[in-house]
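Structure first, then comments.
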Number of protein chains: 2
Amino acid sequence: MTSHALQGAKPRKTPVQSRSRVTVDAIFEATIQVLLSEGMARLTTTRVAERAGVSVGTMYQYFPNKLALIIALNERYLNALAERVEQTCARRAGHQVSEMVAALIETYWTAKTERADLTQALYRSVAALDNNALMNAFATRVDTATTAMFRQASDLPPEDAAAINLTLTTVIYGAVRNAFERELDKEQIAALKARLTDMCCAWLRSVQLRTQMTT
Amino acid sequence: MTSHALQGAKPRKTPVQSRSRVTVDAIFEATIQVLLSEGMARLTTTRVAERAGVSVGTMYQYFPNKLALIIALNERYLNALAERVEQTCARRAGHQVSEMVAALIETYWTAKTERADLTQALYRSVAALDNNALMNAFATRVDTATTAMFRQASDLPPEDAAAINLTLTTVIYGAVRNAFERELDKEQIAALKARLTDMCCAWLRSVQLRTQMTT
DNA sequence: CCAAAATCTGAGCTTTCCTTCATATATTGC
DNA sequence: GCAATATATGAAGGAAAGCTCAGATTTTGG
């Protein structure tokens with residue numbers, strides 16, 4: 001089902017000349033703008049093409065259908081996000097868990113905050129896709145990076161990394177998303193971020209205490 | 001915008017005879033089934049009516065349009081959920097925060113787990129609506145109940161209730177949702193639930209320690 | 001400078017689906 | 001039993017949107 005869901009979602013043709021690369025970029029940008037101004041329900045191929053300043057036919061030369069366009073847009077965004085998380089993780093090898101958690105939250109939170117409206121629009125567009133594959137692929141990729149990081153924490157038994165990773169990432173990603181779906185002002189958002197970090201660290205300390213006792 | 005989004009979403013006619021109440025129930029149940037089997041994208045009025053064993057015209061007698069149907073379905077579900085949370089909250093007045101948190105997680109988690117597939121289908125249907133109003137109304141209602149509960153905790157300064165409530169609910173609701181969107185087996189889900197409770201409690205203890213010191 | 005390849009165009013075909021309404025049937029109150 | 005009211009029907013109108021294709025335009029490589 002997973003592989004089938006992504007079938008026919010690949011670009012029909014890959015741009016080779018520079019003008020077509022410009023075209024594809026324009027289409028992506030137009031998709032974002034339509035998504036923001038009209039919402040997923042009113043996002044049509046004609047509207048996107050019009051906004052991008054190209055004809056519908058051109059759009060269909062690079063995306064076999066509307067779904068493929070939305071999927072490609074999300075892949076683009078998720079890849080960029082995954083790269084940032086991977087960088088963050090790579091830089092924290094050997095540090096303390098608390099630092100790792102803080103860095104992870106920081107990275108994720110900033111990435112989402114930079115374009116909060118886009119973040120929300122994309123969340124919705126994936127939901128409308130009825131397609132788990134996309135998010136799962138991203139989750140797996142990021143999980144690999146974060147688990148590897150936690151395994152190299154200076155103050156954590158490496159064998160606990162996987163379990164701790166699952167808990168932390170679920171809480172962090174979930175909380176961040178929820179924070180953005182509520183309509184909160186900047187202060188509340190900032191306060192939440194600090195408390196989320198606190199909470200994760202408090203839990204980690206309690207876990208560390210427990211493992212010390214049994215040693 | 002909020003009020004406008006819900007305009008025309010009210011039932012066109014309220015059932016008065018018992019047979020029509022049966023009809024409306026059948027339509028709701030059919031909507032759920034179509035949502036589960038076909039997904040939001042392929043949910044059409046004809047399909048719903050067919051599944052419900054009524055004609056399209058009948059459906060339009062109670063719901064002015066497709067959107068209203070989806071909204072009504074979600075309202076129904078969210079109201080039931082809100083009631084359960086309110087009950088949970090009412091029963092914990094005067095208890096310790098840790099008990100409150102555990103009860104809140106328990107309630108929320110079970111409600112979502114009972115029909116995990118429906119939970120996910122509804123999450124997606126709201127997303128497709130592009131409608132914050134619905135979720136906001138629910139969030140506000142539940143927040144009132146939980147904040148009131150925390151204000152009556154035996155081991156918490158009442159003035160901290162609001163802030164603590166925001167943090168806890170964001171983390172809990174977010175984490176629960178995220179847990180359901182990942183494809184995890186039952187064991188992992190159960191483990192997550194326990195750790196989420198642990199985490200909230202660990203944080204609360206650290207907050208209590210800090211306020212004790214300054215007193 | 002020219003042929004081949006790449007890219008672009010957009011009117012229009014087709015499909016899908018929402019919604020209406022004139023008509024028919026069932027229920028209620030008297 | 002009979003009017004008034006409530007409820008059900010589903011063919012058909014109409015609008016919206018996805019997608020195609022035959023031909024025009026631009027770029028490239030030699």
Side-chain angles (χ1 to χ4, degrees), chain A residues 7-31 33-35 37-73 125 128-131, chain B residues 7-31 33-35 37-73 125 128-131:
Chain A
Q7 246 171 23
K10 298 281 154 213
R12 181 169 281 177
K13 188 187 282 183
T14 315
V16 312
Q17 296 179 2
S18 70
R19 65 170 163 157
S20 56
R21 246 167 279 136
V22 171
T23 301
V24 172
D25 274 354
I27 293 174
F28 276 132
E29 198 47 47
T31 311
Q33 283 179 28
V34 173
L35 216 48
S37 64
E38 311 268 346
M40 182 64 183
R42 289 175 51 85
L43 183 144
T44 72
T45 50
T46 341
R47 244 189 279 271
V48 168
E50 194 182 22
R51 190 90 165 217
V54 299
S55 72
V56 222
T58 299
M59 221 209 72
Y60 277 89
Q61 210 139 27
Y62 301 103
F63 305 96
N65 50 52
K66 193 174 117 173
L67 204 77
L69 172 66
I70 305 294
I71 290 181
L73 178 67
S125 73
L129 290 183
D130 255 338
N131 184 343
Chain B
Q7 244 170 21
K10 299 281 156 214
R12 181 169 281 177
K13 189 188 283 187
T14 316
V16 312
Q17 297 179 2
S18 70
R19 64 172 164 156
S20 57
R21 246 167 279 136
V22 171
T23 302
V24 172
D25 274 354
I27 293 173
F28 276 132
E29 198 45 49
T31 311
Q33 283 178 28
V34 173
L35 215 48
S37 64
E38 311 268 345
M40 181 62 184
R42 289 175 52 86
L43 184 144
T44 72
T45 50
T46 342
R47 246 189 279 270
V48 168
E50 195 182 20
R51 191 90 164 217
V54 299
S55 72
V56 222
T58 299
M59 220 209 73
Y60 275 88
Q61 210 140 26
Y62 302 103
F63 305 95
N65 49 52
K66 192 175 119 174
L67 203 76
L69 173 66
I70 305 294
I71 290 181
L73 178 67
S125 73
L129 290 184
D130 256 338
N131 183 343

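Convention: sequence-line order gives letters A, B, ...; per-chain numbering from 1.
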Report task. Would you please name every residue forming a side chain to side chain donor-acceptor pair (under 3.5 Å) with Ser55(A), sequence neighbours left out? Result -> Thr58(A)

Query raised in the report: Of the non-hydrogen atoms in Val24(A) and Pro15(A), which two are nearest, and what is the gap between them?
Result: CG2-CG, 3.7 Å

Query raised in the report: When the distance from CD of Gln17(B) to P of dT27(C) is rounded to whole Å, what number comes out?
Result: 8 Å

Report task. State which residues pass ring pair (Phe, Tyr, Trp, His ring centres under 6.0 Å) with Phe28(B); sequence neighbours excluded, sorted by chain then number. Result -> Phe63(B)

**Report entry** Spacing of CG belonging to Leu43(A) relative to CD belonging to Gln33(A), to within rounding of 0.5 Å
**Finding:** 11.5 Å

Query raised in the report: Roughly, in whole Å, what's the span from CZ in Arg21(A) to C1' in dC8(C)?
Result: 17 Å

Requested in this report: Taking only the side-chain nitrogens and oxygens of Ser20(B), find out if one of them lies under 4.0 Å from OP1 or OP2 of dA8(D).
Outcome: no

Report summary line: Residues pairing under salt bridge (Lys or Arg N to Asp or Glu O under 4.0 Å) where one sits in residues 38-54 of chain A, two or more places apart or in two chains, turn out to be Glu38(A)-Arg42(A)

Query raised in the report: Rounded to the Å, how far apart are Glu50(B) CD and dC17(C) C1'?
Result: 13 Å

Query raised in the report: Just by protein heavy atoms under 4.0 Å, how would nucleotides 9-25 of chain D read 5' to 3' in B, S and -?
Result: BB------SSBB-----

Query - Selection residues 19-28 of chain B - residue pairs positive for side-chain hydrogen bond (donor to acceptor under 3.5 Å, both in side chains), sequence neighbours left out - result: Gln17(B)-Arg19(B), Asp25(B)-Arg76(B)

